[in-house]
Amino acid sequence: MKRNVQVLLLLFLGVGLLHISLLTDLYLRYVREGLRPALIASGVLLIALGAVSAARDGFPFNRPRTDGAQDHDDGHGHSHAGGPKVAWLLYVPALTILFLAPPALGSYTASRDEAKAPKAPSSSSSGDSLFPALPDTGVVPMSLNDFSSRAVWDTDRTLKGRTVRLTGFVTPGRNGTWYVSRLVISCCAADAQVRKVRVHGASAPPADAWVTVTGTWHPTGKVGTDDASPALDVTAVRRVPAPKDPYHDMVTGPGGG
C-alpha cells in the first residue's frame with residue numbers, strides 16, 4: 001500500500017472515531033457507554049500516528065525517498081513500487097464512520113436470533129426469594145432484562161397480578177405476532193443478545209418503531225424451565241422516540257426502560 005494511502009487512512013479513522021465519540025452519541029450504536037474514553041484515546045492515537053508518518057515522509061509534498069529504495073521493474077513490464085489499487089477501498093469504512101454512521105441493530109437482527117432470557121440469579125442460602133419484591137406502585141417500569149428473567153425463572157411469580165411498563169423496538173413475528181425487543185451487549189454490538197417479549201392484545205406498530213407498552217404478565221410454559229417464555233397481555237401501546245442508548249448493558253445492569 002502506498003504511504004500516502006496509509007497516512008490518510010490513519011487520519012480519517014482517527015477523525016471519525018473522535019467525531020462519533022466526542023461530538024455526538026453515535027458511538028453508542030457500536031459499543032457500550034463505558035468504552036467512550038477508549039474510543040477517544042484510540043482516535044487521538046491514530047491521528048498522532050498519521051501526523052508522525054506524514055511529517056516523516058514529507059506528505060503531502062511527496063518528498064523524495066532517501067533510503068536508497070527505488071522503483072523498479074521486474075522485467076515483466078510492471079512495477080512493484082505501489083500497492084494494489086484496491087487498497088483505496090479501505091477508505092470506505094473510515095469515511096462511513098465520519099459521514100454516514102450506520103443505524104443501531106434493530107428488528108432485522110432480533111427477528112433472526114433466538115430470544116434468550118437472562119439466567120436465573122444464584123440460589124439464596126437463606127431461603128429468600130431469588131427475585132426482590134416489585135415496588136408497591138400501580139404501574140411498575142421494568143427493563144426487558146428484568147421482566148424476561150422473572151417471566152422465565154421466577155417460581156415465586158412476583159409478576160402475577162402486577163401491571164408493568166416496558167420500552168423497546170417492534171420486531172414482527174410469524175402469522176401476525178409481534179414482540180417488543182431490546183438488544184443487550186457486554187462490550188459492543190458484535191456480541192449483542194436479544195431480549196424479546198411477545199405482545200398479546202394489540203396490533204403491531206411498524207417494525208423498528210420504539211414503543212412503550214403497558215400490561216400484565218402472560219404466563220407461557222412452565223416457570224423455572226426453558227419451556228417458559230416472556231409474554232405480555234397489553235392494555236396500552238404508545239410510540240416513543242428512540243433512546244440515546246439503544247442497547248442494554250450486561251455489565252453494569254439492564255439499563256433504562
Side-chain angles (χ1 to χ4, degrees), residues 32 104-124 129-135 137 139-174 177-187 189 191-202 204-205 207-238 240 242-243 245-257:
R32 61 187 179 90
L105 300 179
S107 64
Y108 180 86
T109 299
S111 64
R112 284 157 178 76
D113 196 359
E114 180 181 357
K116 299 177 181 178
K119 294 181 179 179
S122 301
S123 300
S124 173
S129 173
L130 299 178
F131 294 88
L134 294 175
T137 57
V139 179
V140 183
M142 298 181 70
S143 70
L144 265 71
N145 245 5
D146 191 10
F147 180 86
S148 298
S149 185
R150 289 175 186 262
V152 173
W153 302 112
D154 183 12
T155 54
D156 291 328
R157 296 174 177 262
T158 54
L159 288 173
K160 185 177 181 180
R162 301 304 304 271
T163 301
V164 302
R165 181 184 297 123
L166 310 175
T167 297
F169 58 85
V170 175
T171 299
R174 297 179 179 177
T177 61
W178 66 284
Y179 302 82
V180 57
S181 308
R182 203 79 183 254
L183 295 167
V184 296
I185 62 175
S186 59
C187 172
D191 61 31
Q193 296 182 17
V194 178
R195 302 287 185 261
K196 292 194 293 190
V197 175
R198 182 171 175 176
V199 174
H200 296 269
D208 287 311
W210 281 82
V211 295
T212 292
V213 295
T214 304
T216 55
W217 174 43
H218 181 106
T220 302
K222 184 179 180 180
V223 177
T225 71
D226 290 331
D227 293 333
S229 60
L232 196 70
D233 288 319
V234 168
T235 57
V237 178
R238 178 169 56 90
V240 296
D245 186 351
Y247 305 118
H248 282 332
D249 192 335
M250 283 191 288
V251 175
T252 60

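Numbers here simply count residues along the sequence, with the first being 1.
Atoms CZ and CG, from R195 and N145 in turn, are 4.5 Å apart once rounded to the nearest 0.5 Å. For the atom pair CE (M142) and CG (L159), the distance works out to 5.0 Å, reported to the nearest 0.5 Å. Here CZ of R165 is found 12.0 Å from CG of L232. Values are rounded to the nearest 0.5 Å. The line from CG of D245 to CD1 of I185 is 7.0 Å long, rounded to the nearest 0.5 Å. Of the inter-residue distances, the one linking L144 atom CG with R182 atom CZ reads 7.5 Å to the nearest 0.5 angstrom.
Between V234 and T214 the shortest side-chain heavy-atom distance does not fall below 4.5 Å. With contacts defined as side-chain heavy-atom distances shorter than 4.5 Å, the pair R150/T158 qualifies. Two residues are said to be in side-chain contact when any heavy atoms from C-beta on lie closer than 4.5 Å; T167 and V211 fail this criterion. By the 4.5 Å heavy-atom criterion applied to side chains, P205 and V237 are counted as neighbours. A 4.5 Å side-chain heavy-atom check between V197 and S148 finds at least one atom pair inside the cut-off. Residues V139 and V164 fail the side-chain proximity criterion, which asks for heavy atoms closer than 4.5 Å. Between D226 and V152 there is no side-chain heavy-atom pair separated by less than 4.5 Å. Taking 4.5 Å as the limit, some side-chain heavy atom of R157 sits within range of a side-chain heavy atom of V223.
In this model, a donor atom of one side chain and an acceptor atom of the other lie less than 3.5 Å apart for S181 and T171. For the residue pair T220/R198, the side-chain donor-acceptor check at 3.5 Å is not satisfied. Checking H200 against D233 by side-chain atom types alone, no donor-acceptor pair falls below 3.5 Å.
For A151 against W217, the heavy-atom pair with the smallest separation is CB-NE1, 3.7 Å. Between A110 and F169, the closest heavy-atom pair is CB-CE1, 3.9 Å. In plain terms, the two heavy atoms of P172 and S111 that are nearest each other are O-CB, 4.3 Å. Listed here is the closest heavy atom pair of F147 and A231: CZ-O, 3.5 Å. Summarising the geometry of V199 relative to A202, their closest heavy-atom pair is CG1-CB, 4.5 Å, with the distance given to 0.1 Å. The shortest heavy-atom contact between W210 and P246 is CH2-O, 3.7 Å.
Partners of Y179 under the ring pair (Phe, Tyr, Trp, His ring centres under 6.0 Å) rule, at least two apart in sequence or in another chain, do not exist in this structure.
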For this session: Could you check K222 against T225 for side chain to side chain contact (heavy atoms under 4.5 Å, CB included), going step by step and ending with a plain yes or no?
Result: CA-CA 6 Å; K222 184 179 180 180; T225 71; 3.7 Å; yes
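Put simply, the side chain of T109 never gets that close to the backbone of L105: no donor and acceptor are under 3.5 Å apart.
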